Amino acid sequence: MDHIFRAPKGTRDILWPDSARWRSLVDVFADVVSSAGYLEVIPPMFEHVEVFQRLGEATDVVRKEMYSFEDRGGRQIALRPEQTASVVRAFAQHRPVVPWKAWYAGPNFRYERAQKGRYRQFDQVGVEVLGPEDAHVDAEVIALAWRFYERLGLRRVTLAVNSLGSPGDRARYVEALRAHFSADLDSLSEESRTTLAVNPLRVLDSSREADADLVAAAPSMLDHLSDDAEAHFGRVTDALDALGVPFTVSPHLVRGLDYYVRTTFEFVAEALDAAQDAVGGGGRYDGLAEDLGAPATPGVGFALGVDRTLLACDAEGVFDAPTSVIDVFVVDTTGGERAVVLTDDLRRAGLRADRAWDGRSMKAQMKAADRSGAAMAVIVGEDELAAGTVAVRDLRGDGGQETVALDSMIDILRARLR
RNA sequence: GUGACCGUAGCUCAGUUCGGUUAGAGCACCUGGUUGUGGUCCAGGAAGUCGGGGGUUCAAAUCCCCUCGGUCACCCCA
């Protein structure tokens with residue numbers, strides 16, 4: 001071999017047991033949201049590029065992180081950088097009856113420099129609710145994410161919530177921010193001065209030392225809320241209190257996608273020592289459906305990062321991967337044909353069974369049996385073949401073994417595996 | 001896109017400072033000790049373009065340049 005191919009930059013292979021843990025995380029999520037009546041939606045992984053441009057021309061996701069290309073039919077296509085736009089596009093296309101409560105799981109793609117917790121292909125699980133404007137939907141959505149983290153066993157996740165107000169409030173607040181930062185432009189970092197010109201809200205996100213004082217002194221969004229927006233936000237926080245979901249109000253919480261209005265929220269894993277510690281986030285996007293061609297329909301939802309959530313589980317030492325993948329290992333020293341039939345019999349009886357290949361020695365097959373994690377071995381040698389029996393051996397403990405008739409093999413294994 | 005650090009068996013790493021036989025170890029893997037029995041132990045084996053290319057030199061894993069990749073951080077976000 002003169003050349004080894006590698007997974008492309010920013011992507012990686014998820015091998016067992018990580019893959020098993022990954023799958024079971026998605027299973028837990030599906031269980032949590034199904035309990036609340038959410039139905040799965042599986043949108044395509046790419047869309048017409050215009051769908052994602054609705055995320056906001058000023059966002060980095062659209063400006064420099066999109067995997068876009070022209071297909072052979074001359075269509076401008078982009079791999080999805082997130083799924084909310086796809087799901088809302090699907091809503092606009094199919095017009096399901098509202099309230100439409102959907103959940104999803106799958107990969108997204110952003111062209112970025114990879115680092116811990118940030119990859120070019122990254123998976124998210126999430127929900128979207130289209131239709132109701134009720135603040136209690138915001139609370140339900142937030143609480144579902146919270147219960148999901150609880151089910152995983154995570155204890156050190158914190159929830160920050162904020163309101164960006166109605167679109168009009170948001171515009172007035174942006175002006176107030178622009179005035180605040182412009183007044184003291186010299187003490188702002190160079191990067192933030194650039195950000196200020198493009199999107200003043202995002203300056204609040206700066207983690208640079210130089211900006212700390214000015215950001216701390218910035219006006220609060222909460223002082224710029226209309227009465228309606230303030231009432232909506234109050235109903236959200238009251239409901240979270242009633243649910244016993246702890247949160248902090250973070251007036252400077254801004255999120256990177258321009259479609260958010262009113263409620264926004266973010267989950268941070270305190271246990272993660274990485275820079276990328278936001279494990280999930282979401283908010284309300286009342287204008288998005290209309291932008292994508294549907295009648296004006298309010299929406300709210302969240303996306304949780306699968307990769308980062310699992311990193312957080314590592315950091316907290318919770319949600320361990322399963323260990324054993326099979327129950328019974330078949331050892332056959334008579335040529336292997338008995339093993340062909342026996343593994344099939346075992347599998348049809350509902351037992352997980354595997355075997356060794358290539359006619360290896362009994363010792364090698366027993367090593368393989370041990371390594372497989374199987375609790376029991378079924379052994380066939382010339383004697384058993386002639387007698388129509390098998391040896392059933394306990395691979396745990398002291399390895400007791402008995403010779404049994406073929407007819408009773410399944411029953412005995414079931415009893416031993418219990 | 002910017003910066004820092006790092007690339008030696010499948011994995012974790014010695015060796016690089018100060019160039020010098022055939023590049024080592026542990027784990028994992030294979031075979032045997034045990035021609036019908038795993039785990040522990042013992043013996044042996046296989047496994048490396050020293051990330052790649054170029055340069056300096058009698059001689060390069062080691063020095064220089066370029067490049068690719070990885071990690072982390074900035075940015076941004078899940």
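The chains referred to below are lettered A, B, ... by the order of the sequence lines, with proteins before strands, and numbering in each begins at 1. Predicted, not measured: the structure shown is a model, and the values here were computed from it.
Note that CG of A/L79 is 8.5 Å distant from CZ of A/F52, once rounded to the nearest 0.5 Å. Of the inter-residue distances, the one linking A/Q83 atom CD with A/I42 atom CD1 reads 10.5 Å to the nearest 0.5 angstrom.
B/U49 and B/A28 have their C1' atoms separated by 23 Å, with the value rounded to a whole Å. Separation of the P atoms belonging to B/A47 and B/A25 is 14 Å when rounded to the nearest angstrom. As rounded to the nearest Å, B/G1 and B/A9 have C1' atoms that lie 36 Å from one another. Rounded to the nearest Å, the gap between the C1' atom of B/G7 and that of B/C13 is 13 Å. Nucleotides B/U62 and B/U35, compared at atom P, are 49 Å apart to the nearest Å. Rounded to whole Å, the separation between the P atoms of B/C66 and B/A59 comes to 23 Å. Here, B/C58 and B/G19 have their P atoms 15 Å apart, quoted to the whole Å. On the P atoms, B/U40 is 24 Å away from B/G36, given to the nearest whole Å.
Within residues 265-279 of chain A, the residues that place at least one heavy atom under 4.0 Å from RNA chain B are, in residue-number order, A/A274, A/A275, A/Q276, A/A278, A/V279.
With a 6.0 Å cutoff to the six-membered ring centre and a 45° limit on the axis angle, A/R21 does not count as a cation-pi contact of A/F319. Geometrically, A/R360 does not engage A/W357 in a cation-pi contact defined by less than 6.0 Å to the ring centre and at most 45° from the axis.
Using modelled atom types and a 3.5 Å distance limit, the side chains of A/D138 and A/H232 yield a donor-acceptor pair. Counted by atom type alone, A/E47 and A/S86 present one or more donor-acceptor pairs between their side chains at under 3.5 Å. Judged by distance alone, the side chains of A/D31 and A/S34 never bring a donor and an acceptor atom under 3.5 Å apart. Using modelled atom types and a 3.5 Å distance limit, the side chains of A/N108 and A/E82 yield no donor-acceptor pair. Side-chain contact, A/Y285 with A/E128: a donor N or O sits under 3.5 Å from an acceptor N or O.
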Next on the checklist: Across nucleotides 32-43 of chain B, 5' to 3', mark each nucleotide with B, S or - according to how protein heavy atoms within less than 4.0 Å reach it.
Outcome noted: -B--BBBB----
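Distance CD (A/E65) to P (B/C76): 10 Å, rounded to an integer number of Å. Across the protein-nucleic acid pair, A/E128 atom CD and B/A78 atom C1' stand 13 Å apart, rounded to whole Å. Distance A/E112 CD to B/G1 P: 12 Å, rounded to the nearest Å. Here the P atom of nucleotide B/A78 and the CD atom of A/Q124 are 7 Å apart, to the nearest Å. The distance from atom CZ of A/R118 to atom P of B/G1 is 12 Å, rounded to the nearest whole Å. Across the protein-nucleic acid pair, A/K116 atom NZ and B/A78 atom C1' stand 15 Å apart, rounded to whole Å. Rounded to whole angstrom, the span from the CZ atom of A/R12 across to the P atom of B/A78 amounts to 17 Å.
Within the 4.5 Å cutoff, the side chain of A/T403 has no heavy atoms near those of the A/D383 side chain.
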Can you pull every protein N or O that's under 3.5 Å from an N or O on nucleotides 3-9 of chain B?
residue : atom : partner : partner atom : Å
B/G3    : O6   : A/R113  : NH2          : 2.8

Quick test: give all pairs of protein nitrogen or oxygen and nucleotides 68-70 of chain B nitrogen or oxygen below 3.5 Å, distance rounded to 0.1 Å.
residue : atom : partner : partner atom : Å
B/G70   : OP2  : A/K9    : NZ           : 2.9

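When the side-chain hydrogen bond (donor to acceptor under 3.5 Å, both in side chains) test is applied to A/R12, the partners found at least two apart in sequence or on another chain are A/D307. Take A/A349 and apply the side chain to side chain contact (heavy atoms under 4.5 Å, CB included) test, not counting sequence neighbours, and it matches A/I410, A/R414.
Among the atoms of the strands shown, none is found under 4.0 Å from any heavy atom of A/G126. Within the nucleic acid shown, A/R110 comes within 4.0 Å of at least one base atom, counting heavy atoms only. When heavy atoms are screened at a 4.0 angstrom cut-off, A/Y119 is found touching base atoms of the nucleic acid.
Across all strands shown, B/G19 remains unpaired; no Watson-Crick or G-U wobble contact has both distances below 3.5 Å. Pair assignment for B/G3: B/C72, on the basis of Watson-Crick or G-U wobble contacts that are both within less than 3.5 Å. Across all strands shown, B/C29 forms a Watson-Crick or G-U wobble pair with B/G45, both key distances being under 3.5 Å.
By the 30° and 60° cut-offs, the orientation of the rings of A/Y173 relative to A/H224 is tilted.
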Item to check | Worked check of side-chain contact (heavy atoms from CB on, under 4.5 Å) between A/R262 and A/L225 | outcome: CA-CA 9 Å; A/R262 298 201 273 193; A/L225 294 183; over 6 Å; no
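Proximity note for A/R360 (side chain, C-beta onward) versus B/C72, B/A78, B/U31: the nearest is B/U31.
Using modelled atom types, no side-chain atom of A/R202 and backbone atom of A/V254 make a donor-acceptor pair closer than 3.5 Å. The main-chain N or O of A/R172 is never found under 3.5 Å from a side-chain atom of A/E175 such that the two would form a donor-acceptor pair.
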